[in-house]
Peer 1: 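So that we are looking at the same thing, I have put the structure below in structure tokens.
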There are 2 protein chains.
Amino acid sequence: MPHHYTYPRAALTVDCVVFGLDAGALKVLLIQRGIDPFKGRWALPGGFVRVDETLDEAAARELEEETGVKDVFLEQLYTFSAIDRDPRERVISVAYYALVNLADHETRAATDASDAQWFPAEKLPRLAFDHVEILATALKRLRGKLRYEPIGFELLPPKFTLTQLQHLYETVLGTKIDKRNFRKKVLGFDLLEALNETHREGPHRPAQLYRFNPAKYERLKKKGFLFEL
Amino acid sequence: MPHHYTYPRAALTVDCVVFGLDAGALKVLLIQRGIDPFKGRWALPGGFVRVDETLDEAAARELEEETGVKDVFLEQLYTFSAIDRDPRERVISVAYYALVNLADHETRAATDASDAQWFPAEKLPRLAFDHVEILATALKRLRGKLRYEPIGFELLPPKFTLTQLQHLYETVLGTKIDKRNFRKKVLGFDLLEALNETHREGPHRPAQLYRFNPAKYERLKKKGFLFEL
DNA sequence: TTTACTTCGTGTAACAAGCACACGAAGTAT
DNA sequence: ATACTTCGTGTGCTTGTTACACGAAGTAAA
């Protein structure tokens with residue numbers, strides 16, 4: 001059942017840059033393409049937008065279909081429209097980026113992705129289409145956003161230690177942060193709740209566990225509060 | 001000459017939020033729709049994306065066609081995709097925002113816009129489609145960006161006084177700023193060049209004119225410099 | 001049970017940045 | 001000459017940022 005229009009129309013896709021934190025390294029989830037074009041090449045998970053769904057829905061759907069990842073922080077990034085970014089025909093792609101807690105998300109191959117795998121953000125394979133550019137944009141956005149919005153928690157398990165949080169910031173921003181100053185600042189925002197639990201990791205003193213409280217953040221935001229690291 | 005595709009495709013448009021500064025008030029350029037839907041209603045300038053142009057090109061083209069505004073700061077904002085945002089059919093719109101120096105840009109009506117006019121950003125008429133939402137997003141972005149990137153100059157003539165610049169920040173951010181502190185900070189960035197000219201405005205001491213130097217900004221940015229007001 | 005090992009958790013002093021604040025200078029108009 | 005208006009400048013106080021070191025708490029092995 002073909003559909004016809006008076007003027008030619010570009011095809012619309014979504015692509016997702018999925019960030020995860022693993023052993024202190026920032027990783028990106030890629031799928032190996034099972035079909036042409038770029039068969040065998042690694043690519044961002046994504047696919048065509050259906051005419052009866054929003055872009056947010058399309059991004060979430062494709063992400064789950066191709067990698068099994070769902071219920072994660074997912075936000076629109078930028079729309080890419082270079083004329084020849086797809087060799088088949090005119091395709092415009094709305095890019096999204098996601099932050100996931102790696103421990104929760106065992107990856108899974110499905111549908112037209114023959115394989116899904118995590119790669120270090122700094123050592124990527126050759127990518128299909130203009131996906132390097134999309135990735136670079138996503139990284140820039142992640143680094144920018146991390147500094148002035150408390151979204152880093154999305155990359156950690158619900159309960160985490162301050163040392164884990166600090167390592168997250170150091171890894172993503174590529175800086176070295178002083179332990180005492182970091183803790184003073186972060187706790188000063190009053191967004192974290194100390195739990196009655198500790199986390200043992202190796203033969204040494206266990207660390208206090210904390211939890212992020214989004215409600216507190218919303219309340220503070222309304223009062224013109226600024227998170228800034 | 002109809003075009004047909006295996007699956008239905010959404011139509012793609014661009015919409016531009018054009019900001020200008022006039023007599024100390026932030027204004028937005030709107031056009032009055034000459035055709036249905038929403039005939040007679042005010043709307044953002046914009047239109048359908050052609051299949052052989054990028055989104056940036058489409059935004060610049062539509063902006064010039066409908067309002068005569070060209071060669072201005074124009075940046076992609078966000079892509080809007082609510083299912084029923086257009087009553088005719090599925091239309092996805094990529095929004096852009098532009099900053100223009102009002103003095104330079106006499107508006108002009110053209111093609112399918114029966115009229116173009118500046119409105120105060122705080123007192124808008126009823127708008128077509130989901131354009132209120134787009135506008136709100138643009139305002140938020142403008143305010144956010146102004147604080148940490150030197151883009152405000154785009155709203156002023158090439159040569160401006162520090163008082164004008166200060167009023168710009170006060171107007172857009174809705175704050176009151178101390179004169180001496182503002183000047184100290186802004187000049188401290190070393191992004192402005194004092195000219196050998198002054199600006200007379202009324203029967204009193206004339207003010208020193210300055211010019212923004214984008215090259216200096218680029219150089220500083222590479223050294224990890226942060227603009228922040 | 002003592003010792004070795006490792007991370008956890010904490011305070012202070014020097015320094016830099018932000019903020020509040022007032023007045024003489026330089027023009028024009030009468 | 002005087003009145004009027006905006007221009008352009010400096011200082012002290014308060015606040016936030018940075019640099020920095022050591023005892024506490026736990027495990028493992030001798």
Peer 1: Nearest to the side chain of A:His204, heavy atoms from C-beta on, is which of C:dC19, C:dG27, D:dG26?
Peer 2: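 Within the option list, the nearest is D:dG26.
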Peer 1: By the 4.0 Å heavy-atom rule, please label A:Gln208 as base, sugar-phosphate, or nothing.
Peer 2: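 A:Gln208: backbone/sugar contact only, no base atoms under 4.0 Å.
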Peer 1: Closer than 4.0 Å, any side-chain N/O of A:Arg205 to the OP1 or OP2 of D:dT27?
Peer 2: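 Indeed not, no polar side-chain atom of A:Arg205 lies that close.
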Peer 1: In this structure, is the centre-to-centre distance between the rings of B:Phe212 and B:Phe160 below 6.0 Å?
Peer 2: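 Ring centres of B:Phe212 and B:Phe160 not closer than 6.0 Å.
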Peer 1: Return the value, rounded to whole Å, for the distance between atom CG of A:Leu209 and atom P of C:dC8.
Peer 2: 11 Å
Peer 1: How many Å lie between NZ on B:Lys184 and P on D:dT9, as a whole number?
Peer 2: 13 Å
Peer 1: So if I take every side-chain heavy atom of A:Asn181 and compare against D:dG8, C:dC19, C:dG11, which nucleotide ends up nearest?
Peer 2: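 Side chain of A:Asn181 sits closest to C:dG11.
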Peer 1: Would you say B:Arg183 reaches D:dG8's phosphate, i.e. side-chain N/O to OP1/OP2 under 4.0 Å?
Peer 2: yes
Peer 1: Using the rule side chain to side chain contact (heavy atoms under 4.5 Å, CB included), only one of A:Leu187, A:Thr163, A:Leu165 pairs with A:Phe182; which is it?
Peer 2: A:Leu165
Peer 1: Whole-Å distance between D:dG8 P and B:Leu162 CG?
Peer 2: 7 Å
Peer 1: Return the value, rounded to whole Å, for the distance between atom CZ of B:Phe189 and atom C1' of C:dG18.
Peer 2: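 About 12 Å, once rounded to whole Å.
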Peer 1: So does A:Lys185 reach the base of D:dT18 with its side chain, donor to acceptor, closer than 3.5 Å?
Peer 2: no
Peer 1: So does A:Glu133 pair up with A:Arg85, basic N to acidic O under 4.0 Å?
Peer 2: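 Salt bridge: no.
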Peer 1: Relative to the ring of B:Phe129, is the ring of B:His131 parallel (under 30°), tilted (30 to 60°) or perpendicular (over 60°)?
Peer 2: tilted
Peer 1: Rounded to whole Å, please give me the gap between CD1 in A:Ile177 and C1' in D:dC20.
Peer 2: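 So the CD1-C1' distance, A:Ile177 to D:dC20, works out to 17 Å.
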Peer 1: In whole angstroms, how far is the P atom of D:dG16 from the CZ atom of A:Phe227?
Peer 2: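 So the two atoms are 16 Å apart, to the nearest Å.
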Peer 1: Name the residue closer to the 5' end of DNA chain D, choosing between A:Pro206 and B:Pro206 according to the nucleotide with the nearest heavy atom.
Peer 2: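 Closest to the 5' end, via its nearest nucleotide, is B:Pro206.
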Peer 1: Mark yes or no for a side-chain to base donor-acceptor pair under 3.5 Å between A:Arg180 and D:dA21, with no hydrogen or angle criteria applied.
Peer 2: yes
Peer 1: Both B:Glu228 and B:Arg200 contact DNA chain C. Which one's nearest nucleotide lies toward the 5' end?
Peer 2: B:Glu228
Peer 1: Take the protein atom CG of A:Asp178 and the nucleotide atom C1' of C:dG11, then report the distance between them rounded to whole Å.
Peer 2: 12 Å
Peer 1: Quick one: closest heavy-atom pair of A:Leu162 and A:Tyr210, and the distance?
Peer 2: CG-CE1, 3.5 Å
Peer 1: Does A:Thr163 make a side-chain N or O approach to OP1 or OP2 of C:dC8 shorter than 4.0 Å?
Peer 2: yes
Peer 1: Give the rounded distance in Å between these two atoms: NZ of B:Lys179 and P of D:dG8.
Peer 2: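 Whole-Å distance recorded here is 7 Å.
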